[in-house]
Amino acid sequence: MSRLPHQSTASRLLMPGVVIVLIVLSLARLSWVDWLNSVAKIPTAILTPGSAVVSLASGWVLPAKRPVVTSERERALVEELEHWKTLYQREDRNNERLRKQIAELQRGRLINPESNITQLVAPVVGMSSDLSSGVLRVRAGESVGVVQGTVAVTDGVQIVGRVTSVSGPTSLIQPVTRKGGPKVAGRVMVDEPNNIGLKCLLEPIGSRFRGVVEAPESSLPNAGSLKPEPGHTVRLDDDRWPESAQRFVLGKVERVEADSSNPLRTIVTVVPTVEVERVSEVTLRIASDLGRGGTP
Amino acid sequence: MNAIAVLVAGYICFSLELGLRKALAVGSAGIAPSFVFILCVVVSLSAPPSVAMWTCLILGLLTDLTWPHEIAGGVSTQVIVGPYAIAYLVASQFVLSIRGNMFRRNPLTLGFLCCFGMAIAQVVVVAIYTFRSGYTPEIAWDPTSQLLARLGVALYTGLVGIIVGVFAGPLTSALGVHQPPQRRFTRPIY
């Protein structure tokens, strides 16, 4: 740094002092710098409108890639099919849950009542400028009831991720496919009409999942022929997620490989139906059951 | 330097950086250029050293404050102040130290400085996070993949810097950054 003759001692020491403070802050323990989250709300609130405008414009010019359909009618049919499949899966799961609930009630256990869902469409107003942070910022916050752990979906059924932080008018969503994120339990629907799925534990690897599929239970009819294949839908079946998000779509099986270490198991690569890290808007499913099944 | 012009340029650059990231991202790592850093280089290339360094420090500080990091496997987020502020300051010092040897009117100059300056800045960021990952297990950190991806960011920023370099002359004038006089035998030519 140049030092001009007219600079005072204080101004000459200012830059080294600031640098020392920044070094200390950058290396401080996380618990010591928790207060910075509040400070960060100010620049975020100022910069969000500008990035929102640019983000919306870029989303209009370069929309997220979706499966190619030949006509509008086909697109409508595909969406309707997915919608009804999801409804069926959810009802089936509800039945299963109710059966368990009756059993629990008979044993005198208290069961939480049916959860209420409020859906809210929120635009994505920006992504992280840092590579190590892949969160999406959406324009919906505390004022509309968004809480930590709220599930975000797109296209009605495709899971995008969960809200990790709510600050004023915006929220941060960690994409479910984010590399290094927590593993997700799901079911590869090998026989969707009969609601037969194989359990799998998927690890996010960035825009995709990869994980091991368990062998079908021997009690199932034709257990030997139930194998995951490319194109099969993978649905969420994870108790760590809110009840309201169960059986939503994680993606489609893209590739199937044999697990060399265990011949009974298969490794699948699952790709979401939409590039979840590049969506322009999400639907937030604000549930009241976050406390019991949906620890974020 | 025209502080208001730099403020407006900073706002535009942050809007482009945050808003265009998903559109310009390449690969699964999400490699995208940094418009804020290009502004840092433009200022560092022409402004007086102290002004350039303070500007880069503030822009780096805002970069730190703008986006929190995921901790504990994405359960929550935490703002960490310092890595980018220090990194942009070091990069600014790099530009200041070699700018006398550069042909400033050549668009390739801005691209070159953006590329190498960003590479230096990202090395500093990775070094800080790698150091703190030793006692902060909450932040998932893989130094090798991060460094490789961030060098990709540097390359991408350099390419965008060449495009911006075409307009560097008018941009420098708009920002009002000082153009030091040409020198011959260490004496300024007025």
Side-chain angles (χ1 to χ4, degrees), chain A residues 1-2 4 15 18-19 22-27 29-30 33-34 36-37 39-40 42-44 46-47 50-59 61-62 124-135 137 148 161-162 164-165 172 174 178-182 205-208 277-278 280 296, chain B residues 11-12 14-25 28-32 34 36 48-50 53-54 57 61-71 73-86 89 93 125 128-129 131-132 135-136 138-142 146 149-150 153:
Chain A
M1 175 182 169
S2 70
L4 300 175
M15 175 68 84
V18 169
V19 170
L22 286 171
I23 290 171
V24 170
L25 283 174
S26 65
L27 299 177
R29 298 185 74 86
L30 293 180
V33 291
D34 198 38
L36 285 170
N37 288 327
V39 177
I42 299 166
T44 301
I46 295 169
L47 293 171
S51 67
V53 171
V54 176
S55 182
L56 288 175
S58 69
V61 176
L62 296 167
V124 176
V125 295
M127 292 179 73
S128 170
S129 59
D130 187 79
L131 281 178
S132 64
S133 173
V135 292
R137 188 179 291 280
Q148 196 177 10
R162 279 194 292 184
T164 55
S165 167
L172 294 174
Q174 189 201 23
R178 180 68 187 161
K179 191 177 179 181
I205 55 172
S207 77
R208 279 167 173 72
E277 290 171 348
R278 297 181 68 175
S280 56
Chain B
Y11 190 87
I12 292 169
F14 269 107
S15 300
L16 291 173
E17 182 155 333
L18 303 177
L20 280 182
R21 174 160 283 271
K22 64 183 175 186
L24 298 179
S28 60
I31 293 168
S34 171
V36 176
S50 61
M53 292 176 80
W54 277 111
L57 189 80
L61 192 63
L62 284 171
T63 305
D64 282 325
L65 284 172
T66 311
W67 284 95
H69 287 261
E70 301 155 19
I71 59 172
V75 171
S76 61
T77 52
Q78 173 66 50
V79 171
I80 297 169
V81 160
Y84 273 96
I86 296 166
L89 186 67
Q93 183 61 55
V125 171
I128 291 172
Y129 276 107
F131 181 80
R132 74 168 300 144
Y135 55 89
T136 316
E138 296 95 329
I139 296 179
W141 188 255
D142 179 11
Q146 285 288 333
R150 285 162 190 270
V153 170

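Reminder, nothing fancy here: chain letters follow the sequence lines and each chain counts from 1. This structure is a prediction, so every number in the text was calculated from the model and none was measured.
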Examine whether an atom of B:L89 lies under 4.5 Å from a heavy atom of chain A, and if so say whether it belongs to the side chain, the backbone or both; otherwise answer neither.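 Only the side chain of B:L89 comes within 4.5 Å of chain A.
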
Nearest 0.5 Å, please: how far is CG in A:L22 from CG in B:L57?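 Nearest 0.5 Å value for the CG-CG distance: 5.5 Å.
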
For each of A:I23, A:L172, A:V24, A:L30, tally heavy-atom pairs with chain B at distances under 4.5 Å, and name the one with the top tally. A:L30

May I ask you to name which of A:D34, A:V19, A:V39, A:T44 has the most heavy-atom pairs under 4.5 Å with chain B?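 Greatest number of close heavy-atom pairs with chain B: A:D34.
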
Part of A:V53 lying under 4.5 Å from any heavy atom of chain B: neither

Heavy-atom distances under 4.5 Å only: say whether A:L25 touches chain B with side chain, backbone, both or neither. both

Search all heavy atoms of B:T66 against all heavy atoms of A:R137 and return the closest pair with its distance.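 That would be O-NH2, 3.5 Å.
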
Closest-packed option against chain A by number of heavy-atom pairs under 4.5 Å, given B:I80, B:I86, B:L62, B:V36: B:I86

Measure the spacing between CG of B:L65 and CD1 of A:I42 and express it to the nearest 0.5 Å.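 Nearest 0.5 Å value for the CG-CD1 distance: 9.0 Å.
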
By side-chain hydrogen bond (donor to acceptor under 3.5 Å, both in side chains), which residues pair with B:R132, not counting sequence neighbours? none

Euclidean distance, B:Y135 OH relative to A:R29 CZ, rounded to 0.5 Å: 8.0 Å

Minimum-distance pair of heavy atoms, taken over all atoms of A:S26 and B:G82: CB-CA, 3.8 Å

For B:Y11 and A:L47, work out which heavy atoms get closest and say how close. CD1-CD2, 3.7 Å

Nearest heavy atoms of B:I128 and A:L27, plus distance in Å: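 Closest approach of B:I128 to A:L27, heavy atoms only: CG2-CD2, 4.0 Å.
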
Name the option with the most non-hydrogen atom pairs under 4.5 Å to chain B; the candidates are A:I46, A:I205, A:V124, A:V125. A:I46

Can you tell me which portion of B:I12 sits under 4.5 Å from chain A's heavy atoms? Options are side chain, backbone, both or neither. neither

